[in-house]
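The block underneath contains the structure these notes are about, expressed in C-alpha cells.
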Number of protein chains: 2
Amino acid sequence: MKGTSIKDIAKKLEVSNATVSLVLSGKDKDGRVSKEVAEKIIATAKMMNYQPNNIARSLRMGHSQTIGLIVADISNSFFSTLAFYIQEEAEKYGYTVIITNTNESVDKIETMINMFRNRQVDGFLIVPTEYSEEYIQKLVEDHVPLVLIDRYFPSVQCSYVVIDNYRASLEATRLLIEQGCKDIVLFTYKNLLPHILERKSGYMDALAYAGLAEKPCVKEIRYSHISEDIDKSVDELFADGCKVDGILFATNSLSMYGVRSIMRKNIAIPNDVKIVCFDKNEAFDFLPTPIPYVLQPIAEIGQKAVNLLIEQIKAKQNAPKAIQILKLAATLHNDLL
Amino acid sequence: MKGTSIKDIAKKLEVSNATVSLVLSGKDKDGRVSKEVAEKIIATAKMMNYQPNNIARSLRMGHSQTIGLIVADISNSFFSTLAFYIQEEAEKYGYTVIITNTNESVDKIETMINMFRNRQVDGFLIVPTEYSEEYIQKLVEDHVPLVLIDRYFPSVQCSYVVIDNYRASLEATRLLIEQGCKDIVLFTYKNLLPHILERKSGYMDALAYAGLAEKPCVKEIRYSHISEDIDKSVDELFADGCKVDGILFATNSLSMYGVRSIMRKNIAIPNDVKIVCFDKNEAFDFLPTPIPYVLQPIAEIGQKAVNLLIEQIKAKQNAPKAIQILKLAATLHNDLL
DNA sequence: CTGAAAGCGCTTACAG
DNA sequence: CTGAAAGCGCTTACAG
C-alpha cells in the first residue's frame, strides 16, 4: 500500500520537493517552474502512480476539506435523501462528507462529535437528538463551524435550517377541519425537541381557531417503542364509544406504522377516518386513496445547510460568525384534488 | 479552532512529549510512567480540553482507521440499510466509515475511489457499478484491502459478499409456477453485471424445468429511464391479445415502479397477475394482498463484509491475501401462507 | 522512570 | 526559475 511520495519523484528527477509539490498541486502559475521541468514532473508522477496523501496535506494546511454529518437515522428515507443532497452540494465545493448515525441517542451523539473532532472535520452538520444541547453548546463555545438541520435548540446560539413546523402543522390540521373532521387526533413523538412541540402547537391552534379547542387529543409515542405504542393508541382510539374522524401524523415514521396499524383493524381511510401526515411516503401510493402530506423541501434544506456551513468555514479566521436562521416553507400536497 | 496539542501539555508540565503521548494514548503499561506524572497529565489534558489530532496520528502510523464505503444509491433503502449495518459493525473495531454514492455511474466510481485513496482509507467496501472492472482491478493490483458487496466481477480476483442470486431467482420463479402461472415475465435492468445475469438465468432455468422454456419474456429497463421504460413495458404486456399471469421483479426499485404502474392501469394483483419481487418493501404492506418477496440478509451481508475487510487490513503486511467469497442464502417470504 | 530526536508527506515562506 | 529548511501533531525506537 506504501505508495509514491513527492520526495520519491523529486529524488528521481533531481529537483526539490518544493518544485514537485508546486507543479502537482497546480500552483506553478506565473512561470514559477519551467515548462519542461513541469512536464517531466507530471509525466513521472503518472508513471509512478503518484497519489497525493491528503492526510499529510490536511495536517500541514490545518483543514481537512471534510464535513461531518450526524443524522438521527440513516435508514429513514427523510435522512438518507437529505444526506444524498448534502453530499452532492458539498462535492461542488470540494468537500467530502462523513456520515454517521445516532439512532436518536444522546450518548452516541457525544461519541460521534468527539470522533469527528479528532478526525479534524472542518465543520459540522447535525440533526441533534433530544437532550444534546450541552454538546452542541460546547461546539459553539469552541467556535467550531456548525449548522443544525431539521431541529434546533432555542437556548443555543447557532445557525440552523429548518422548516416552519408550526405553520405546516397548522395547515395540515386545517385541511382535516375543512374536510369536516370534528375529532382530530395528533400522533407525535414523546419528545421535547422544539420542532416537535411546534408541530403540536400548530395542531392545537388550528383546533382553537375552529372552535374545537376542547377536543385536542394527543398521542405521544416513544421512538424506541414505536410499534407497540402505536398499536395501543390505535386500539384505544377505535374502541367502542370513541369517535375519531381525523388523524395528523407528525412524522413519516409515525405515519408508516400508524396507517399500517389502522388498516390491520379494517378501519377505512378516508371513509372511517381521514388522515394527513408529514413527509411524502411512496408507500402510500399503494393505498386505494392517496393521503395528503406536508412536503418538506429536502434538497433545499440540504443545500442551504451546506452553503451556510461553508460560509462559516471560510470566514472562520475573521469576524465573529453571524448566526443565520433559515426557516423554509413546507407545502401541503393533496393529490385528491 | 486551534486546540491544545501534546506539546502544549508537555511544556506546561515540563515533561517530554513522549511521556504525554504515552499516557494519553494509554500505553504507559508496566510502570513506564510514574503514577503522579500520569495523573497530572490526564488532569491537565482535561483542563486544557485536549482533543487528539487523528490526522497527525494517521500520518505517523500509516493508517487512518477509516473504511471507504461506495454504494450505488444511498437513497435506496437496500443500500441505506446496508450502510447502517456496516457502520455499526465497523464501529465495534474502532473504524469510521466514510460513505459515498455513485448513482450507478462509472465516472463517479473512479472519482470516488481516487478521493478515498487520497484520504488514505485503510480499505474499501464497494458496490461496483457496471463497467467499473478496471478500477476495481487497479485496486487489486495495488494490493489495497477490498471487499465487493452485492455484486462482483468474475474477471477480478478479489473477495466479495453476495447472495445466491441464481437460486433466489429460480425459487421466486418457481413460486409463480406453483401458483399456476403459465406466462411469466421478468422485469430486470438492462445491465451486464453478473448478479443481474444470474437472476435472469434463475428465471430462465425455472421456466425450462417446468416445460415453459418457449415462453420466456424479459423486459430490460434502463436504470436512468426507469419510470418511462416500465410504463411502456407494462402497456405492451397488458395490451389486447397479450396474456401475462405472473411477473418477477429483479430488484426493489423495479418492483416499486412496476407495481405502481400496474395499479394505475387497474390491473388486479394477484387476480389478474401474480407478482414476486426481490427485497422486502414496506410499501407493499399497504396493498390489499401481500406480495411474496426474496429477503436478502442485509445485516449479515454488511457484517461479513466488514469482517472480511478488517481481516485483510490486519493481515496486510504478511502473506498474500486469501480471496474469500461469501455467497449467502436469501429466503423466499410468502405472507399469503 | 524519562527525554531528545527523527520522521510520516505535505506546503510555504525565505533565500538565492 | 529553483532549493533548503521548517513545521503541522503525533509516535516510537533509542539512549540514558
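Values below: all heavy atoms of this structure, side chains included; hydrogens, waters and symmetry mates excluded. In what follows, every chain begins at residue 1, and chains take the letters A, B, ... in the order their sequences are listed.
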- Query: Can you name the nearest heavy-atom pair linking A:Ile325 to A:Cys158, along with the distance?
  - Reply: CG1-O, 4.5 Å

Heteroatom pairs (N/O) under 3.5 angstrom, protein to nucleotides 4-6 of chain C:
none

- Query: What is the distance, rounded to the nearest whole Å, between atom CD of B:Glu14 and atom C1' of C:dC1?
  - Reply: 18 Å

- Message: So, taking the atom named CD in B:Glu104 and the one named OH in B:Tyr131, what distance separates them when rounded to the nearest 0.5 Å?
- Response: 12.0 Å

- Does the side chain of A:Ser80 come under 3.5 Å of the side chain of A:Ser77 through a donor N or O and an acceptor N or O? no

- Query: Starting at the 5' end of DNA chain C, which residue's closest nucleotide do you reach first, A:Lys7 or A:Ser25?
  - Reply: A:Lys7

- Minimal heavy-atom distance between B:Tyr223 and B:Asn103, with the atoms involved, is CE2-O, 3.9 Å

- Between B:Glu110 and B:Arg117, does at least one N-O distance fall below 4.0 Å, as a salt bridge requires? no

- Supply the atom-to-atom distance A:Tyr85 OH to A:Lys304 NZ, rounded to the nearest 0.5 angstrom. 14.5 Å

- Nearest 0.5 Å please: distance from the CD atom of B:Gln137 over to the OG atom of B:Ser155. 7.0 Å

- Message: Under 4.0 Å between a side-chain nitrogen and a carboxylate oxygen: does that hold for B:Lys327 and B:Glu300?
- Response: no

- Is A:Ser21 near enough to C:dT11 that one of its side-chain N or O atoms lies under 4.0 angstrom from OP1 or OP2? yes

- Query: Between D:dC8 atom C1' and B:Ile6 atom CD1, what is the distance in whole Å?
  - Reply: 13 Å

- Message: If a pair means Watson-Crick or G-U wobble with both distances below 3.5 Å, what does DNA chain C look like in dot-bracket form, with | marking bases paired to a different strand?
- Response: |||.||||||||.|||

- Message: Once rounded to the nearest 0.5 Å, what's the spacing between atom OG of A:Ser64 and atom CD1 of A:Ile55?
- Response: 9.0 Å

- Query: In whole angstrom, what separates B:Gln120's CD from C:dG9's P?
  - Reply: 9 Å

- Whole Å only: how far is the NE2 atom of A:His63 from the C1' atom of D:dG9? 16 Å

- Message: Students often get this wrong, so: under 4.0 angstrom with heavy atoms, is A:Thr19 touching a base, only sugar-phosphate, or nothing?
- Response: sugar-phosphate

- Query: Considering only side-chain heavy atoms of A:Val15, which listed nucleotide, C:dT11, D:dG3, D:dT12, is closest?
  - Reply: D:dG3

- Query: Can you check salt bridge (Lys or Arg N to Asp or Glu O under 4.0 Å) on A:Lys12 and A:Asp8, steps first, answer last?
  - Reply: CA-CA 6 Å; A:Lys12 179 149 194 166; A:Asp8 297 332; over 6 Å; no

- Task: Could you tell me the separation between the CE atom of B:Met61 and the P atom of D:dC8, rounded to a whole number of Å?
- Result: 21 Å

- Item | Residues in contact with DNA chain D, drawn from residues 36-59 of chain A - heavy-atom cutoff 4.0 Å | A:Val37, A:Leu59

- Evaluate the salt bridge (Lys or Arg N to Asp or Glu O under 4.0 Å) criterion for residues A:Glu89 and A:Lys92: first the C-alpha distance (whole Å), next the side-chain angles of each, then the deciding distance (0.1 Å), finally the verdict. CA-CA 5 Å; A:Glu89 186 71 11; A:Lys92 288 185 197 162; 3.0 Å; yes

